[in-house]
Amino acid sequence: MMTRLSLTLIIALLSLCPCMASNGYDFDNIYNRFRNIDSKTLSELGGEFINRQSTDSAMAIFTILASRYDGRDVDLAEKRYAIEARLSLGVLNFLNANYASAYSNFLTASQLEGRPDSPGNLNLAAIYLYYGDRVRAYRCLRRVFDSAIGSNNYYMTSASLINLLTSDIDQSIMPNDTIRHIIELFREKVPNTPDDKAWPLAHCYSEAKIYSLDGHDDKAVTMLKASLNSAQRLLLPIREYFASYSALGKRYLSMERIDSAEFYMRKAEKIAENNAFPELLITAYSDLSNFYSATGRKDLADKYRFKHLELHDSVFNAREFGNIHDLELFHETDKFEKRINRIRVEEKMRVRIIFITTSALILLIGMLVILLFQNNKLRMKNRSLFDRNVEIMSSVKAENTPPDNTEKKYRTPVPDDETRCHISECIRKAMNDEAVFCMDGFSMRELSEICGSNQKYVSQVFNEDYGKSFTQLLNERRINVARQRLMDSANYGHLTIEAIVSDLGFKSRSTFSKTFKRLTGLTPSEFQRIAYEASEEQKNS
């Protein structure tokens with residue numbers, strides 16, 4: 001029998017072992033190192049790694065331990081260690097968001113145990129809940145509860161009741177009468193024993209639920225607060241704290257005690273955030289969105305609704321390809337493949353890992369090189385376009401008079417020289433006055449009114465003087481103003497692009513963006529970024 005000192009020495013040696021220093025394990029080396037160590041010692045060693053939060057090392061140890069039982073005749077102790085290893089692997093995979101592997105390990109553990117009230121079945125319910133299958137989760141938990149009641153398995157009765165009352169299962173699946181019946185069975189059949197560390201929490205939740213159903217919200221709140229102390233006795237109390245805080249927030253909301261409701265709902269949100277529980281964070285965001293909507297704070301309601309939808313889509317996209325049926329198929333296929341390849345895996349694992357890792361690394365390096373090359377090429381092109389725009393801006397600033405186009409475009413009668421000079425001067429002033437050409441809806445008609453002449457004469461003089469259409473020059477002048485502002489980070493750097501161009505006379509952001517891209521070769525955001533980089537380069541030079 002190995003002492004605790006021996007375990008400590010093994011852990012110290014493993015921490016120095018290169019094969020366990022990273023995620024790229026040498027599985028052959030690990031297997032050969034531990035294949036002759038007895039299962040009891042391996043189980044204790046895995047537990048030590050969990051306590052030290054060395055998740056990868058714990059998973060390696062429990063994988064070896066779980067592989068020792070493959071359905072062949074072994075003694076009951078070996079089978080028990082294999083079941084515990086499977087449960088540990090399931091929990092570790094679940095906490096690391098590897099739900100397919102978690103499901104497979106929990107299902108294998110429950111099949112090995114062969115009892116409805118096994119911990120594997122209790123944990124399977126968590127997978128069903130994660131994938132949104134509350135009907136199957138309820139059936140699984142109810143099976144565990146009923147079997148545990150019948151076999152006097154008090155701890156599993158308490159644990160399954162806690163999950164039933166905190167899993168937010170719809171009344172259409174678990175009506176209030178059913179909840180009362182389950183709680184009455186718990187009260188009648190399950191005593192408070194020292195072995196059942198889950199009983200105090202189950203008692204608090206069940207009493208709070210009954211008080212809530214009977215309309216005694218104050219008493220329900222008292223029991224929910226007591227549940228916070230009871231949760232401390234459990235191995236992983238954080239999720240129970242979340243459930244208690246969330247339930248307290250909803251109770252206070254039903255009592256119209258808004259400040260208290262918000263306080264506890266925000267505490268539940270913080271727990272989910274700080275402990276990286278995305279499925280709980282989704283629930284917290286949904287609860288806060290509903291809370292702020294009910295209390296008339298639309299801006300906060302919209303904020304949390306957006307957070308909920310964004311996180312829900314990112315986390316639960318797995319539902320599209322990872323539903324329960326697929327997980328069951330994965331489990332059966334995985335089990336069949338392991339049975340066929342068991343002998344060959346130990347010999348080929350190292351070669352496969354090296355090949356896959358090397359190939360992936362080469363592919364990744366190649367992709368990075370291509371991306372860096374393309375990015376550098378694009379940056380050079382954009383910088384060249386930016387410099388060209390700066391040159392154009394300089395030439396536009398120096399342009400105070402229209403070009404001298406001696407060739408006349410029109411053969412139609414022209415105004416007399418005095419009138420023509422007046423119109424030309426009015427056009428020049430208008431097209432150099434930002435306040436005029438950036439007016440909303442500014443057109444040739446407005447320009448003609450400014451010049452005090454008819455639109456035909458003004459259009460004729462405009463085209464003869466500038467050699468381009470009114471719309472062309474108008475867009476050029478407006479885009480030039482936009483370029484100047486996007487480069488002026490001191491005065492406009494704190495504004496969004498929409499705010500910067502809101503008074504330039506464009507009908508919409510999309511119209512502005514298309515015109516800007518056509519005339520400059522860059523999008524407004526690209527231009528602004530390069531302008532900022534150029535400004536920083538000048539400061540540092």
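This is a predicted model, so every value here is computed, not measured.
When all heavy atoms of Leu87 and Phe106 are compared, the pair lying nearest together is O-CE2, 3.7 Å. In this structure, Thr157 and Ala148 approach most closely via the heavy-atom pair OG1-CB, 3.1 Å. Across all non-hydrogen atoms, the minimal contact from Ala268 to Ser246 is CB-N, 4.0 Å. Contact between Ile50 and Phe62 at its shortest, heavy atoms only, is CD1-CE1, 3.5 Å. The minimum heavy-atom distance between Ala261 and Gly249, with the atom names listed, is CB-O, 3.3 Å. Summarising the geometry of Leu124 relative to Cys140, their closest heavy-atom pair is CB-SG, 4.3 Å, with the distance given to 0.1 Å.
For the salt bridge (Lys or Arg N to Asp or Glu O under 4.0 Å) condition, the pairs that include at least one residue of residues 137-154, sequence neighbours left out, are Arg142-Asp146. Within the structure, every pair that satisfies the salt bridge (Lys or Arg N to Asp or Glu O under 4.0 Å) test and touches residues 97-116, not counting sequence neighbours, is listed here: Arg80-Glu113, Arg115-Asp117. Note on residues 243-255: pairs passing salt bridge (Lys or Arg N to Asp or Glu O under 4.0 Å), not counting sequence neighbours, are Asp217-Arg251, Lys250-Asp287.
Not counting sequence neighbours, Glu188 has no partner by the side chain to side chain contact (heavy atoms under 4.5 Å, CB included) test. Partners of Ile365 according to the side chain to side chain contact (heavy atoms under 4.5 Å, CB included) rule, which considers only residues two or more places apart in sequence or in another chain, are Leu361, Val369.
Counting heavy atoms from C-beta outward, Phe186 and Tyr154 have side chains that stay 4.5 Å or more apart. Leu280 places none of its side-chain heavy atoms less than 4.5 Å from the side chain of Ile271. Counting heavy atoms from C-beta outward, Ser244 and Tyr205 have side chains that approach closer than 4.5 Å. Here the side chains of Ile500 and Gln528 are in contact, with some heavy-atom distance below 4.5 Å. No side-chain heavy atom of Thr193 sits under 4.5 Å from any side-chain heavy atom of Trp199. Residues Phe263 and Asp259 have side chains not in contact (no heavy-atom distance under 4.5 Å, counting atoms from C-beta outward). Put simply, the side chain of Phe277 reaches to within 4.5 Å of the side chain of Ile238, judged on heavy atoms. The closest side-chain heavy-atom distance from Ile182 to Lys209 is not below 4.5 Å.
The backbone N or O of Ala100 lies less than 3.5 Å from no partner atom in the side chain of Ser104, so there is not a single donor-acceptor pair. For the pair Thr222 (side chain) and Asp218 (backbone), a donor-acceptor distance under 3.5 Å is present. One N or O on the side chain of Ser160 and one on the backbone of Met156 form a donor-acceptor pair closer than 3.5 Å. For the pair Asn105 (side chain) and Ser101 (backbone), a donor-acceptor distance under 3.5 Å is present. Under the 3.5 Å distance criterion, the side-chain polar atoms of Ser286 are left unmatched by any main-chain donor or acceptor of Ile282. Formation of a donor-acceptor pair under 3.5 Å by the Thr357 side chain with backbone atoms of Ile354 is not found in this model. With Ser110 contributing its side chain and Leu107 its backbone, the two residues share a donor-acceptor pair below 3.5 Å. Between the side chain of Ser502 and the main chain of Ala499, a donor-acceptor pair closer than 3.5 Å is present. Not a single donor-acceptor pair under 3.5 Å links the side chain of Ser293 to the backbone N or O of Ser289. Remark: side-chain polar atoms of Ser212 are not paired, donor with acceptor, to backbone N or O of Ala208 under 3.5 angstrom.
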Handout entry: Full working for side-chain contact (heavy atoms from CB on, under 4.5 Å) between Ser39 and Leu65
Key = CA-CA 7 Å; Ser39 297; Leu65 189 57; 3.6 Å; yes
Practice task
Go through the steps to decide whether Asn93 and Met59 satisfy the test side-chain contact (heavy atoms from CB on, under 4.5 Å), and finish with yes or no.
Solution key: CA-CA 9 Å; Asn93 278 296; Met59 290 184 71; 3.3 Å; yes
Practice task
Show your working on salt bridge (charged side-chain N to carboxylate O under 4.0 Å, His left out) between Arg187 and Glu184 and close with a plain yes or no.
Solution key: CA-CA 5 Å; Arg187 287 172 169 176; Glu184 285 302 321; 2.9 Å; yes
Problem - Worked verdict on Glu262 versus Thr295 for side-chain contact (heavy atoms from CB on, under 4.5 Å) - result: CA-CA 10 Å; Glu262 182 177 16; Thr295 54; over 6 Å; no
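To the nearest 0.5 angstrom, Leu42 atom CG is 11.0 Å from Thr63 atom OG1. Between Leu213 atom CG and Arg180 atom CZ the span is 5.0 Å, to the nearest 0.5 Å. With rounding to the nearest 0.5 angstrom, the CZ atom of Phe145 is 5.0 Å from the CG atom of Leu185. Distance check: Ile183 CD1 to Glu207 CD gives 7.5 Å after rounding to the nearest 0.5 Å. Distance check, rounded to the nearest 0.5 Å: CZ of Arg297 to CD1 of Ile258 gives 7.5 Å. Once rounded to the nearest 0.5 Å, the distance linking OG of Ser206 with CE of Met223 reads 7.0 Å.
Between Lys307 and Glu310 there is no salt bridge, since no side-chain N of the basic residue sits under 4.0 Å from a carboxylate O of the acidic one. Look at Asp302 and Lys298 and you find a salt bridge, because one of the NZ, NE, NH1 or NH2 atoms lies within 4.0 Å of a carboxylate O, short of that distance. With respect to the salt-bridge test (charged N to carboxylate O, under 4.0 angstrom), the residues Arg266 and Glu269 qualify. In summary, Lys40 and Glu44 engage in a salt bridge, as defined by a charged side-chain N under 4.0 Å from a carboxylate O.
In summary, the aromatic rings of Tyr292 and Tyr304 are positioned with their centroids under 6.0 Å apart.
Tyr264 pairs with exactly one of Tyr252, Tyr241, Phe291 by the ring pair (Phe, Tyr, Trp, His ring centres under 6.0 Å) rule, that one being Tyr252.
Between Thr41 and Asp38, the side chains place a donor N or O and an acceptor N or O closer than 3.5 Å (distance only, hydrogens not considered).
Heavy atoms from other residues, nucleotides or ligands lying under 6.0 Å from CD of Glu256 number 12 at most.
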Would you mind writing out the side-chain donor-acceptor pairs for residues 162-179 within the sub-3.5 Å range, not counting sequence neighbours?
residue: Asn163; atom: ND2; partner: Ala159; partner atom: O; Å: 2.8
residue: Thr166; atom: OG1; partner: Ile162; partner atom: O; Å: 2.8
residue: Ser167; atom: OG; partner: Asn163; partner atom: O; Å: 2.3

